Amino acid sequence: MAILDRWTIDFVSSSVEQTTRLGVRLGELLQVHDLVCLSGDLGAGKTALARGIGRGWGSGLRVTSPTFTLVNEYPRLSDGRILYHIDCYRLEETADQYTVGLEDVLEGSGAVMVEWPERIQPMLPEDRLWVKMSYVSETRRKLHITAAGGRSAELLEAFKKSAFGV
Ligand SMILES: Nc1ncnc2c1ncn2[C@@H]1O[C@H](COP(=O)(O)OP(=O)(O)O)[C@@H](O)[C@H]1O
Ligand SMILES: [Mg+2]
């Protein structure tokens with residue numbers, strides 16, 4: 001892992017299992033109002049990471065790529081608090097009629113993770129953790145994580161400790 005500065009880390013995951021495990025670490029630390037953006041091409045591993053985050057959050061449900069829905073809900077078993085999974089893959093950049101209701105999710109009382117966040121960029125709160133995933137080889141993916149505000153920097157700090165012990 002490379003710590004580029006207080007706001008950024010870079011590392012390479014060597015397997016889908018490792019990506020999911022890292023997601024678990026992050027999901028355990030997530031709090032309501034937190035936002036994690038998952039950016040990267042198809043097959044970059046966004047949903048694999050999201051699946052771990054859902055597990056770490058404590059939902060008994062398996063996170064999947066929603067085929068027709070824009071938003072899936074994963075309530076935590078302990079207290080019912082919801083982790084929202086928004087997948088904007090099918091959104092055109094200008095198809096704002098489909099984004100009705102997303103503000104409520106983004107400003108609501110749950111935690112949120114978003115795939116293809118670029119497609120709703122203007123709607124996204126500033127303070128967010130931005131994970132940019134990219135293909136390295138068949139089994140390896142690079143993760144570049146940037147914090148963009150006070151809470152996300154705190155989250156990144158805690159994640160570094162939990163996942164890498166630093
Ligand atoms: N290190 C890795 N991390 C995540 N996925 C990986 C990795 N290596 C291989 N893969 C594979 O890449 C694919 C990622 O799929 P998915 O998580 O649905 O991507 P996305 O949501 O970004 O389109 C899966 O088939 C997974 O098995
Ligand atoms: Mg996906």
Side-chain angles (χ1 to χ4, degrees), residues 1 8-90 102 104-117 120 124-125 127-148 151-166:
M1 190 214 17
T8 317
I9 65 172
D10 249 353
F11 57 90
V12 173
S13 156
S14 313
S15 66
V16 62
E17 292 80 14
Q18 186 181 14
T19 297
T20 301
R21 276 201 304 276
L22 287 164
V24 173
R25 295 297 193 180
L26 184 56
E28 287 167 350
L29 299 165
L30 272 196
Q31 298 175 5
V32 294
H33 304 307
D34 282 346
L35 171 61
V36 180
C37 296
L38 304 170
S39 141
D41 292 337
L42 267 186
K46 302 180 294 297
T47 299
L49 189 67
R51 180 163 299 142
I53 295 173
R55 204 179 291 164
W57 177 253
S59 166
L61 303 168
R62 182 173 192 268
V63 171
T64 56
S65 282
T67 310
F68 297 110
T69 48
L70 183 58
V71 186
N72 274 350
E73 298 185 6
Y74 296 93
R76 176 154 84 182
L77 292 170
S78 58
D79 61 4
R81 287 288 195 166
I82 294 174
L83 169 65
Y84 293 95
H85 181 209
I86 303 175
D87 191 334
C88 299
Y89 179 59
R90 278 160 210 86
L102 277 192
D104 294 341
V105 171
L106 289 165
E107 277 142 41
S109 55
V112 181
M113 48 189 182
V114 186
E115 293 189 45
W116 301 94
I120 54 164
L124 297 172
D127 191 353
R128 64 220 177 188
L129 208 60
W130 192 280
V131 184
K132 166 88 187 152
M133 301 187 68
S134 45
Y135 184 95
V136 177
S137 71
E138 197 170 336
T139 56
R140 287 151 65 86
R141 300 291 186 274
K142 182 176 161 193
L143 285 83
H144 178 86
I145 308 185
T146 311
R151 168 56 195 157
S152 50
E154 188 182 293
L155 183 58
L156 181 60
E157 203 58 43
F159 174 69
K160 282 193 271 190
K161 286 207 180 71
S162 170
F164 306 106
V166 293

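Just so it is clear, the values below take in all heavy atoms, side chains as well, and ignore hydrogens, waters and symmetry mates. Being a predicted model, the structure only gives us computed values, none of them experimental.
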| task | Any pair with a residue in residues 155-166 that passes salt bridge (Lys or Arg N to Asp or Glu O under 4.0 Å), sequence neighbours left out, goes on the list, sorted by first then second residue, please. | result | Glu157-Lys160
| Which residue, Met113, Glu28, Arg25, forms the side-chain contact (heavy atoms from CB on, under 4.5 Å) with Ile53? | Met113
| Which pair of non-hydrogen atoms, one from Pro125 and one from Leu35, has the smallest distance, and what is that distance? | CD-CD2, 3.6 Å
| request: For residues 47-58, pull every pair meeting side chain to side chain donor-acceptor pair (under 3.5 Å), keeping only residues two or more places apart or in separate chains. | output: Thr47-Ser65, Thr47-Glu115
| remark: Nearest heavy-atom contact between Ile145 and Leu156 is CG2-CD1, 3.8 Å
| task | With side-chain contact (heavy atoms from CB on, under 4.5 Å) as the test, would you mind laying out the steps for Leu106 and Tyr84 before giving the verdict? | result | CA-CA 9 Å; Leu106 289 165; Tyr84 293 95; over 6 Å; no
| said: Any non-hydrogen side-chain atom of Asn72 less than 4.5 Å from a side-chain atom of Leu61? | reply: no
| query | How long is the span from the SG atom in Cys88 to the CG atom in Leu102, to the nearest 0.5 Å? | reply | 6.5 Å
| Quick one: OG1 on Thr146 to CZ on Arg128, what's the gap to the nearest 0.5 Å? | 10.0 Å
| Do you know the tightest heavy-atom contact between Leu143 and Ser13? | CD1-CB, 4.0 Å
| Heavy-atom pair of closest approach, residues Ser59 and Tyr74 | OG-CB, 3.7 Å
| message | If the condition is salt bridge (charged side-chain N to carboxylate O under 4.0 Å, His left out), which residues does Glu154 pass it with, not counting sequence neighbours? | response | Arg151
| query | Nearest heavy-atom pair of Leu22 and Phe159: which atoms, and what distance? | reply | O-CE1, 3.4 Å
